[in-house]
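Quick notes on the structure that follows.
What you see is a predicted model, and the numbers here were worked out from it, not measured in a lab. Values below: every heavy atom of this structure, side chains too, minus hydrogens, waters and symmetry copies. Atoms within a ligand are numbered from 1 in the order they appear, just like the ligands themselves. Just so you know, residue 1 is the first one in the sequence shown, and it goes up from there.
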Amino acid sequence: MSVKVPSIPLYTGQEMPVIGIGTWRAKDQEIHDLLNMALESGYRHIDTAFMYQNESAIGDVLEAWFSSGRLKREDLFITTKLPMNAMRASDVERFLQKSLAAMKIDYVDLYLVHNPVGMKNDEKTNSFLIGPDGSVVLDLTTDHVAIWKAMEAQVDAGRTKAIGISNFNSKQIQTIIDNCRIRPANMQIEIHAYHQQKELREIASRHGMTVCAFAPLGAPYKGSGSSEFPQLLEHPVVCDIAKRLGKTPAQVLSRFLIQLGLIVIPKSSKPERVKQNFQVCDFELSAADMSAMEALDRRGKGRIFTFDIFKGINSHPEWPMHIPF
Ligand SMILES: NC(=O)C1=CN([C@@H]2O[C@H](COP(=O)(O)OP(=O)(O)OC[C@H]3O[C@@H](n4cnc5c(N)ncnc54)[C@H](OP(=O)(O)O)[C@@H]3O)[C@@H](O)[C@H]2O)C=CC1
Ligand SMILES: O=C1CO[C@H](CO)[C@@H](O)[C@@H]1O
């Protein structure tokens with residue numbers, strides 16, 4: 001029996017389910033399998049991005065669910081993101097229209113600026129323009145205030161219900177807050193037990209923004225861990241709590257973040273794990289377990305996503321890691 005998943009209200013009035021399905025690195029058949037399993041298990045929140053190149057496969061699955069009457073559009077909370085190669089005011093509507101057309105829907109619930117860094121667009125492929133040295137070609141003219149005004153226009157036009165930011169640092173968040181007409185309703189940042197982001201969570205709370213944790217399981221595919229800092233899914237503290245509660249380490253990692261008041265979007269390529277990851281609202285961590293999990297924070301040293309897979313990106317003035325948070 002599945003338990004109803006709670007939602008967190010956005011100030012714009014929608015309800016954002018605390019657990020959503022992450023979709024990065026999933027395309028075509030994988031999306032078909034994992035999204036069907038997610039919707040059958042009860043997930044009603046989907047996280048994607050133009051950059052993930054899977055919006056069209058997501059659209060095919062949604063169309064089948066809508067046309068069979070199993071779900072209505074308003075039953076779902078769908079987030080997508082403005083890619084780094086569209087970080088210009090004049091590109092915002094064009095790229096949101098592409099996402100909507102691919103997913104065969106006429107609005108998203110949340111449109112996020114994916115990353116504060118701007119890159120040049122390859123007009124043939126609508127992806128990052130790669131220079132002769134193999135690096136992405138940066139667009140150094142990135143103007144967050146102009147982009148935000150174009151984001152606000154998408155709310156006015158009804159193409160998205162809410163707008164937000166992802167991977168912005170405290171200074172960049174403040175620039176948006178100081179210059180907005182429509183406040184960001186949500187921010188999506190890397191958060192897991194090793195990187196708990198207390199400072200940015202406090203900033204979000206001060207400005208009435210909900211927070212969605214990406215890589216909530218510690219993105220284990222990114223590295224094998226060490227004896228000092230094992231993979232979170234194998235950490236003895238996490239495994240002991242899981243064993244005692246009859247849950248899996250993945251469920252404990254998500255549950256911890258949900259009890260901190262966050263929204264989580266774990267991703268798995270395995271339908272059985274997709275189902276398992278949804279079962280996080282039928283148990284609770286005690287105050288002692290929460291303290292033990294909080295003690296795993298590596299105080300700024302647990303960050304996994306620095307985006308330097310994009311060669312040269314850290315020379316962009318808006319690369320968010322120029323400051324600690
Ligand atoms: N805004 C942004 O910049 C970013 C947003 N995101 C979003 O966040 C989502 C989640 O982050 P992601 O980077 O995927 O990392 P996660 O922390 O969700 O980890 C995913 C990994 O965990 C494994 N896994 C999942 N469930 C289980 C389980 N129950 N037991 C054991 N292993 C498990 C998966 O392996 P397997 O497939 O083998 O199950 C996969 O390798 C993304 O899919 C994307 O939607 C992510 C990164 C950046
Ligand atoms: O969402 C994302 C998935 O991971 C990518 C590679 O690190 C990120 O750039 C991006 O923000």
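Geometric assessment of R44 against the ring of F77 yields a negative cation-pi assignment under the 6.0 Å and 45° thresholds.
Classified by interplanar angle (parallel below 30°, tilted 30° to 60°, perpendicular above 60°), the ring pair H195/H192 is tilted.
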Can you give me a line-by-line list of nitrogen or oxygen pairs between ligand 2 and the protein shorter than 3.5 Å?
from	atom 1	to	atom 2	distance (Å)
ligand 2	1 (O)	Y52	OH	2.6
ligand 2	1 (O)	H114	NE2	2.8
ligand 2	11 (O)	H114	NE2	2.9

Between the protein and ligand 1, which nitrogen or oxygen pairs come in under 3.5 Å, and how far apart is each?
from	atom 1	to	atom 2	distance (Å)
ligand 1	1 (N)	S166	OG	2.9
ligand 1	1 (N)	Q188	OE1	2.9
ligand 1	3 (O)	H114	NE2	3.4
ligand 1	3 (O)	N167	ND2	2.8
ligand 1	6 (N)	Y52	OH	3.4
ligand 1	11 (O)	A215	N	3.2
ligand 1	13 (O)	Y221	OH	2.3
ligand 1	17 (O)	P216	N	3.4
ligand 1	17 (O)	L217	N	2.8
ligand 1	17 (O)	G218	N	3.4
ligand 1	17 (O)	A219	N	3.1
ligand 1	18 (O)	K267	N	3.1
ligand 1	26 (N)	N277	ND2	3.0
ligand 1	29 (N)	Q276	OE1	2.9
ligand 1	29 (N)	N277	OD1	2.9
ligand 1	32 (N)	R273	NH1	3.2
ligand 1	37 (O)	S269	N	2.8
ligand 1	37 (O)	S269	OG	2.6
ligand 1	38 (O)	K270	NZ	2.5
ligand 1	38 (O)	R273	NH1	3.1
ligand 1	39 (O)	S268	OG	2.5
ligand 1	39 (O)	R273	NH1	2.7
ligand 1	43 (O)	T23	N	3.2
ligand 1	43 (O)	W24	N	2.9
ligand 1	45 (O)	T23	N	3.2
ligand 1	45 (O)	D47	OD2	2.7

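By the 4.0 Å N-to-carboxylate-O rule, E93 lies close enough to R159 to be salt-bridged with it. Salt bridge absent: D240 and K243 never bring a charged side-chain N and a carboxylate O closer than 4.0 Å.
With no hydrogens or angles considered, a side-chain donor-acceptor pair links N54 and T48 at under 3.5 Å. Defined by atom type and a distance below 3.5 Å, a donor-acceptor pair is present between the side-chain atoms of N121 and E123. Side chains of S170 and E199: a donor-acceptor N/O pair is absent below 3.5 angstrom, by distance only.
Cluster partners of Y52 are W24, M51, M84, V117, M119, F128, I130, V136, L138, L140, F214, Y221, I265, I304, F305, F307, I309, F310, I313, W319, M321, counting Ile, Leu, Val, Met, Phe, Trp and Tyr whose side-chain heavy atoms approach within less than 4.5 Å, directly or via other members. Other cluster members for V145: none, since no ILVMFWY side-chain heavy atom sits under 4.5 Å from it.
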